[in-house]
A.B. asks: 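Pasting a structure below so you can have a look.
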Amino acid sequence: SAVIFNALVIVFLIPLALQGVRYRAVGAAALLRRNLAIYGLGGLIVPFIGIKLIDLALVAVGLV
């Protein structure tokens, strides 16, 4: 499940990385708060949920 999740994440992150990020003039505190909320919490919670959902799908299909 983790290998499948990593493969899917890579497929979705490549176009995002190639697109780039727009520059916005924002204060350091606001930028840090936003980045911690999006990437910090998202990086801790989303993989567990994604891997569990893939595991449940594999069990439901009967591949595990």
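We count residues from 1, following the sequence as given.
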A.B. asks: Answer yes if V26 and L32 sit in the same cluster of Ile, Leu, Val, Met, Phe, Trp and Tyr residues linked by side chain heavy atoms under 4.5 Å apart, and no otherwise.
C.D. replies: no

A.B. asks: Among Ile, Leu, Val, Met, Phe, Trp and Tyr joined by side-chain contacts under 4.5 Å, find the other residues sharing a cluster with V11 and list them by chain and number.
C.D. replies: none

A.B. asks: Just jot down the side chain to side chain contact (heavy atoms under 4.5 Å, CB included) partners of I49, sequence neighbours excluded, or say none.
C.D. replies: I45, L53

A.B. asks: Under the side chain to side chain contact (heavy atoms under 4.5 Å, CB included) rule, collect the residues that match up with L18, sequence neighbours excluded.
C.D. replies: I14

A.B. asks: Can you list the residues that meet the side chain to side chain contact (heavy atoms under 4.5 Å, CB included) rule with L58, with sequence neighbours excluded?
C.D. replies: S1, I4, I54, L63, V64

A.B. asks: What heavy-atom pair brings G42 and P47 nearest, and what distance separates the two atoms?
C.D. replies: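 Looking at all heavy atoms of both residues, the shortest contact is O-CD, 3.5 Å.
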
A.B. asks: Starting from F48, walk the hydrophobic network (Ile, Leu, Val, Met, Phe, Trp, Tyr; side-chain heavy atoms closer than 4.5 Å) and list everyone else you reach, by chain and number.
C.D. replies: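 F48 shares its hydrophobic cluster with no other residue.
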
A.B. asks: Is it the case that one hydrophobic cluster holds both F5 and L56, taking links as side-chain heavy atoms less than 4.5 Å apart, direct or via other members?
C.D. replies: no

A.B. asks: Clusters formed by hydrophobic residues whose side-chain heavy atoms approach within less than 4.5 Å: which one holds Y39, and what are its other members?
C.D. replies: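 Noted: Y39 shares its cluster with I38.
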
A.B. asks: Please report the C-alpha distance between L13 and L16 in whole Å, then the side-chain angles of each, then the deciding distance to 0.1 Å, and finally whether the side chain to side chain contact (heavy atoms under 4.5 Å, CB included) criterion is met.
C.D. replies: CA-CA 5 Å; L13 286 180; L16 183 65; 4.0 Å; yes

A.B. asks: Can you name the residues that form a side chain to side chain contact (heavy atoms under 4.5 Å, CB included) with A37, not counting sequence neighbours?
C.D. replies: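 Applying side chain to side chain contact (heavy atoms under 4.5 Å, CB included) to A37 gives none.
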
